[in-house]
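Here's the structure we're looking at; comments come further down.
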Number of protein chains: 2
Amino acid sequence: MLVQKSVKKNVKGSVRQANYGKIIKAAVTVFATKGYQGATVQEVAEKAGLPKANVLYYFKSKQGIYEAVLSDILSLWNSSFDHATAQDDPAVALSRYIREKLEISRTYPEASKIFAMEMIKGAEQLSDEIKAGMVSWFQSRIAIIQQWIQDGKMANVDPAMLMFQIWATTQHYADFSAQISILKDGKMLNKKGFQDVGDYLCRSILSSCGLKVPE
Amino acid sequence: MLVQKSVKKNVKGSVRQANYGKIIKAAVTVFATKGYQGATVQEVAEKAGLPKANVLYYFKSKQGIYEAVLSDILSLWNSSFDHATAQDDPAVALSRYIREKLEISRTYPEASKIFAMEMIKGAEQLSDEIKAGMVSWFQSRIAIIQQWIQDGKMANVDPAMLMFQIWATTQHYADFSAQISILKDGKMLNKKGFQDVGDYLCRSILSSCGLKVPE
DNA sequence: CAATATATTGACCAAACGGTCAAGTTTTGC
DNA sequence: GCAAAACTTGACCGTTTGGTCAATATATTG
């Protein structure tokens, strides 16, 4: 995941940062494959190469680890669509967003899975701040799409449904990779496979917005 | 869920059937909100109004309850699309399938959630028979869509991607209902809301197949 | 170098969990 | 009406888990 990439030695707090990173990385894998309740601190510790008591020295509780993982994940959700404006070309902005979301599904499928499970279970562990942030992000994006429609730049589609459609179709390739693998003869989708999916989704979604996929 | 709807009294095995039904119904709710590992036999028992030992008399183990729930859920997946043929009109068959899948998301969101979690975790608890059944169903449906394309009845889209698109977009409204509720001011989608989603998805998906939504 | 903060770790504990069992009660089949 | 089968249930048990703690080691700093 993100966390800290290369941690220099002998820098103030470097031990802490290095262990934080190791623990979060291990925790992401464990939570994604076992779920919150199925994950054990012991397994996170083993994957991180630390004794369990040491993990709980950095994160006071399993809940604490999970919250750190969630906030780490949310930083992945950032995209170029965050800064789209009513002046932009919707075809460019939307197709780029679709491809970015799909790329995250390909590169960080575990993050997508943890987020999906959190939503399926009712998002009870998601803090109110995070929820509020999601709402304001969503409303501002909706407003821009609505402006595009008013300006005659795209067809009159429900902006919320359009967003849900993009999320559903792109995240599906991370969350349901096991199903896709079963149906595709046990083979996981490779980079070219994702490229084809991106082409398909851009063509499909943009065309239903009355847009053409840009070069 | 399905199980047994009204169980007549004093019918051979009626006690067993009634309790089976109570337990499965309770288990579906618990598994959907807690996941497999988060669910406890105790909680299933309480929701079913039975002592824990009695639940384990009918289902030998927690695993046994879960398998029964999974197979109960899979019967919901049946749809009119199972019997579609190359002679059918793709516009009719596909739009009907989309609406049926969406109706299941609306009516049995818990079933969709359990299935989604099973896939996210890697489908390790899904039996090989069930997987084989999924594969053969999928391949036969792919073949029909391919025939439609060859017959010039619809545009040349990747049939597998089309299926994934339909599943992703329709199941999203069950699995991510918590997120949708957060973003929609805390309100759950009502029946009319689902109707609108169905209209939107049919128009979008069919149009990218070069089809028009039938009346 | 001394003293103070930070980090490491094995041992331990209470709670919760899945599952068993034996002792009863009720229902069924003849 | 009675024996056998099916059902019910409280009590119990071994295991696992999240979390604590005290003892020790290692860094940091003035």
Give the rounded distance in Å between these two atoms: OH of Tyr66(B) and P of dG19(C).
-> 15 Å
Taking atom P of dA6(D) as reference, at what distance in whole Å does atom OH of Tyr57(B) sit?
-> 7 Å
Can you see which heavy atom on Ala86(B) is nearest to which on Ile144(B), and at what distance?
-> N-CG2, 4.0 Å
Give every pair of a protein N or O atom and an N or O atom of nucleotides 22-27 of chain D that lie under 3.5 Å apart, one pair per line with the distance.
none

For Glu103(B), does its backbone N or O pair with a side-chain atom of Thr107(B) as donor and acceptor, under 3.5 Å?
-> yes
For Tyr58(B) and dA6(D), is the shortest distance between a side-chain N/O and OP1 or OP2 below 4.0 Å?
-> no
Do the ring centers of Phe176(A) and Trp167(B) come within less than 6.0 Å of each other?
-> no
Quick one: which protein N/O atoms are closer than 3.5 Å to N/O atoms of nucleotides 12-18 of chain C? Pair and distance per line, please.
| unit_1 | atom_1 | unit_2 | atom_2 | d |
| --- | --- | --- | --- | --- |
| dG18(C) | OP1 | Ala39(B) | O | 3.3 |
| dG18(C) | OP1 | Lys62(B) | NZ | 3.2 |
| dG18(C) | OP2 | Val41(B) | N | 3.1 |
| dG18(C) | N7 | Lys52(B) | NZ | 3.0 |

So NZ of Lys113(A) and OG of Ser105(A): to nearest 0.5 Å the spacing works out to 10.5 Å
To the nearest 0.5 angstrom, please state how far the OG1 atom of Thr169(B) sits from the NE2 atom of His172(A).
-> 9.5 Å
Between Asp196(B) and Lys192(B), does at least one N-O distance fall below 4.0 Å, as a salt bridge requires?
-> yes
Please determine, for the side chain of Asn54(B), which listed nucleotide (dC21(D), dT8(C), dT8(D)) has the closest atom?
-> dT8(D)
Of all residues at least two apart in sequence or in a different chain, which pass the side chain to side chain contact (heavy atoms under 4.5 Å, CB included) check with Ala27(A)?
-> Phe31(A), Val44(A), Ile65(A), Val69(A)
Would you indicate, yes or no, if dT8(D) has its OP1 or OP2 atom less than 4.0 angstrom from a side-chain nitrogen or oxygen of Asn19(B)?
-> yes
Gln17(B) CD to dA6(D) P, in whole Å, measures 15 Å
Atom-pair distance (CZ on Phe59(A); C1' on dT8(C)), nearest Å = 16 Å
Would you check, one step at a time, whether the test salt bridge (Lys or Arg N to Asp or Glu O under 4.0 Å) holds for Glu43(B) with Lys34(B)?
-> CA-CA 10 Å; Glu43(B) 195 178 343; Lys34(B) 304 288 177 73; 3.0 Å; yes
